[in-house]
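Structure record follows, encoded as structure tokens.
Whatever order the structure lists them in is the order used to number ligands and atoms, beginning at 1.
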Amino acid sequence: MSGYWAIVPVKRLDRAKSRLSLLLSRAERQELAGAMLRDVFDVLVGAERLSGIVVVTNDVQAAELASGIGASVVPDRLEAGTNEAVRQGLEWLLGRDCEGAIVVPGDVPFASPAEVDAVAGALDAHAVVLVPALRDGGTNMLGLRPSNLMEPAFGPDSFTRHLAMARAAGITPRVLHLEGAGHDIDVSSDLFCSAEGGAAARTRAFLERLAQNNPVPATAWLKEELQP
Ligand SMILES: Nc1nc2c(ncn2[C@@H]2O[C@H](COP(=O)(O)OP(=O)(O)OP(=O)(O)O)[C@@H](O)[C@H]2O)c(=O)[nH]1
Ligand SMILES: O=C(O)[C@H](O)COP(=O)(O)O
């Protein structure tokens with residue numbers, strides 16, 4: 001099927017979000033990761049411009065959820081990080097009739113279907129589309145047309161790196177600042193920031209419960225900021 005495909009890398013849910021371990025137990029992190037993933041899948045299903053979804057994961061539950069929405073699942077037995085997972089998704093797409101790919105991490109639950117469609121619309125005119133994280137220098141969505149145009153370079157400060165890589169290849173990327181998709185959940189302070197954007201019903205319910213049960217633990221944030 002031609003058109004744009006979403007690639008979603010998903011780490012094992014019971015290992016997800018280790019940077020939140022100051023505030024959340026392993027079980028809570030797993031629950032949050034599952035809630036965010038379900039919300040992200042709803043967003044992708046609601047987008048009108050996607051021709052397909054490929055989920056790269058070694059997690060049984062994530063794979064079941066992915067199959068439930070009709071996504072293709074690429075097993076990620078090595079779990080060697082986001083870039084390796086995205087690479088596997090891109091490689092899988094190479095054999096398919098696909099015009100381009102949009103990498104969507106599983107931790108951007110506040111994205112909306114309209115934002116995904118906006119990335120797809122921008123990809124029609126630009127070979128590289130970047131959605132920066134609003135706070136930490138990351139890349140929250142990466143659009144590539146064709147899908148093998150550029151290697152993924154996720155990790156700290158990936159937005160600047162993706163920008164530079166595109167420019168080095170002679171491409172002027174389109175940068176979309178999106179309120180919903182720009183908000184990912186990585187560190188404790190992200191748990192207490194109200195987010196604009198899409199429905200994110202399960203994630204918002206989790207965060208509301210958390211806020212009710214725990215008055216904002218400023219000291220935890222401080223510890224987090226002080227960590228190298
Ligand atoms: N398939 C796969 N996905 C990964 C891997 N590492 C990270 N991801 C996914 O890549 C996206 C961005 O990852 P991070 O923001 O670093 O999330 P995380 O690894 O759960 O968070 P931390 O443990 O706090 O670093 C999320 O959707 C992760 O599930 C991996 O080794 N394999
Ligand atoms: O740019 C990135 O690597 C992704 O957004 C993940 O970054 P994060 O770990 O800051 O979410």
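Judged by the shortest distance from any of its heavy atoms, Asp107 lies inside the 4.0 Å radius around the atoms of ligand 2.
Looking at Ala16 next to ligand 1, no N or O pair under 3.5 Å apart turns up. In terms of N/O distances under 3.5 Å, ligand 1 is not approached by Pro105. Between Ser18 and ligand 1, at least one pair of N/O atoms sits closer than 3.5 Å. Residue contacts with ligand 1: Gly106 is placed with a nitrogen or oxygen under 3.5 Å of a nitrogen or oxygen of the ligand (distance criterion only). No N or O atom of Ala85 sits closer than 3.5 Å to an N or O atom of ligand 1.
Under the 4.0 Å distance rule, the nearest protein heavy atom to atom 6 (C) of ligand 2 falls outside the cut-off. Counting only heavy atoms, the protein gets under 4.0 Å from atom 10 (O) of ligand 2.
At a heavy-atom cutoff of 4.0 Å, ligand 2 is contacted by the side chain of Arg19 but not by its backbone.
Annotation: atom 4 (C) of ligand 1 to nearest protein heavy atom, Lys11 N, 3.5 Å. Here the protein heavy atom with the shortest distance to atom 1 (O) of ligand 2 is Ser158 OG, 2.3 Å. Atom 20 (O) of ligand 1 has Lys17 N, 2.8 Å as its closest protein atom, hydrogens excluded (heavy atom only). Scanning the protein heavy atoms around atom 7 (C) of ligand 1, the nearest turns out to be Thr82 OG1, 3.1 Å. Regarding atom 4 (C) of ligand 2, its nearest protein heavy-atom neighbour is Thr139 O, 3.4 Å. The protein atom (non-hydrogen) at minimum distance from atom 3 (O) of ligand 2 is Gly155 N, 2.5 Å. Protein heavy atom closest to atom 2 (C) of ligand 1, with residue, atom name and distance, is Asp76 OD2, 3.2 Å. The protein heavy-atom contact nearest to atom 8 (P) of ligand 2 is Asp186 OD2, 3.3 Å. Regarding atom 16 (O) of ligand 1, its nearest protein heavy-atom neighbour is Arg19 NH2, 3.4 Å.
Remark: ligand 2 atoms within the under-4.0 Å shell around heavy atoms of Gly138 are 1 (O). The distance from ligand 2 to the heavy atoms of Asp184 drops below 4.0 Å at these ligand atoms: 11 (O). Contact atoms of ligand 2 toward Asn140: 5 (O) (distance under 4.0 Å to a heavy atom of the residue). Proximity to Val10 (heavy-atom distance under 4.0 Å) selects the following atoms of ligand 1: 1 (N), 2 (C), 3 (N), 29 (O). Below 4.0 Å from some heavy atom of Asp107 lie the following atoms of ligand 1, by number and element: 15 (O). Interface atoms of ligand 1 facing Glu79, defined by a heavy-atom separation under 4.0 Å, are 31 (O). Listed by number with element, the atoms of ligand 1 under 4.0 angstrom from any heavy atom of Asp186 are 15 (O). Distances below 4.0 Å separate heavy atoms of Val56 from the following atoms of ligand 1: 1 (N).
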Could you go through the side chain to side chain contact (heavy atoms under 4.5 Å, CB included) check for Trp92 and Val56 one step at a time? CA-CA 10 Å; Trp92 187 88; Val56 185; over 6 Å; no
Full working for side chain to side chain contact (heavy atoms under 4.5 Å, CB included) between Leu210 and Leu24: CA-CA 9 Å; Leu210 184 71; Leu24 302 182; 3.5 Å; yes
Apply side chain to side chain contact (heavy atoms under 4.5 Å, CB included) to residues Val104 and Leu44 and explain how you reach the verdict. CA-CA 9 Å; Val104 182; Leu44 298 179; 4.1 Å; yes
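With hydrogens and angles disregarded, no donor-acceptor distance shorter than 3.5 Å links the side chain of Asp157 to the backbone of Gly137. Using a distance-only test at 3.5 Å, with no hydrogens or angles considered, no donor-acceptor pair links the side chain of His183 to the main chain of Glu196. Checked by atom type and distance alone, the side chain of Asp117 pairs as donor or acceptor with a backbone atom of Glu48 at under 3.5 Å.
For the pair Arg135 and Asp190, the salt-bridge criterion is met [side-chain N within less than 4.0 Å of a carboxylate O]. Lys17 has a carboxylate O that lies under 4.0 Å from a charged side-chain N of Asp186, or vice versa, which qualifies the two as a salt bridge. The pair Lys11-Glu79 fails the salt-bridge criterion, with no side-chain N (NZ, NE, NH1 or NH2) lying under 4.0 Å from an Asp/Glu carboxylate O.
To the nearest 0.5 Å, the span separating CD on Gln30 from CD on Gln61 amounts to 6.5 Å. For the atom pair CD of Gln88 and OG1 of Thr57, the computed distance is 10.5 Å after rounding to the nearest 0.5 Å. The distance from the CG atom of Leu144 to the CG atom of Leu130 is 8.5 Å, given to the nearest 0.5 Å. Put simply, OG on Ser112 and CG on Leu178 are 7.5 Å apart, with the number rounded to the nearest 0.5 Å.
Between the choices Pro9, Ala80, Gly81, the shortest heavy-atom distance to atom 26 (C) of ligand 1 belongs to Pro9.
Checking each of Arg174, Arg145, Arg49 against Asp124 for a salt bridge (charged side-chain N to carboxylate O under 4.0 Å, His left out) leaves exactly one that passes, namely Arg49. With Ile102 as reference, Leu123 is the one residue of Val131, Ile7, Leu123 to meet the side chain to side chain contact (heavy atoms under 4.5 Å, CB included) rule.
Side-chain contact check for Met141 versus Val116: some heavy-atom pair is nearer than 4.5 Å.
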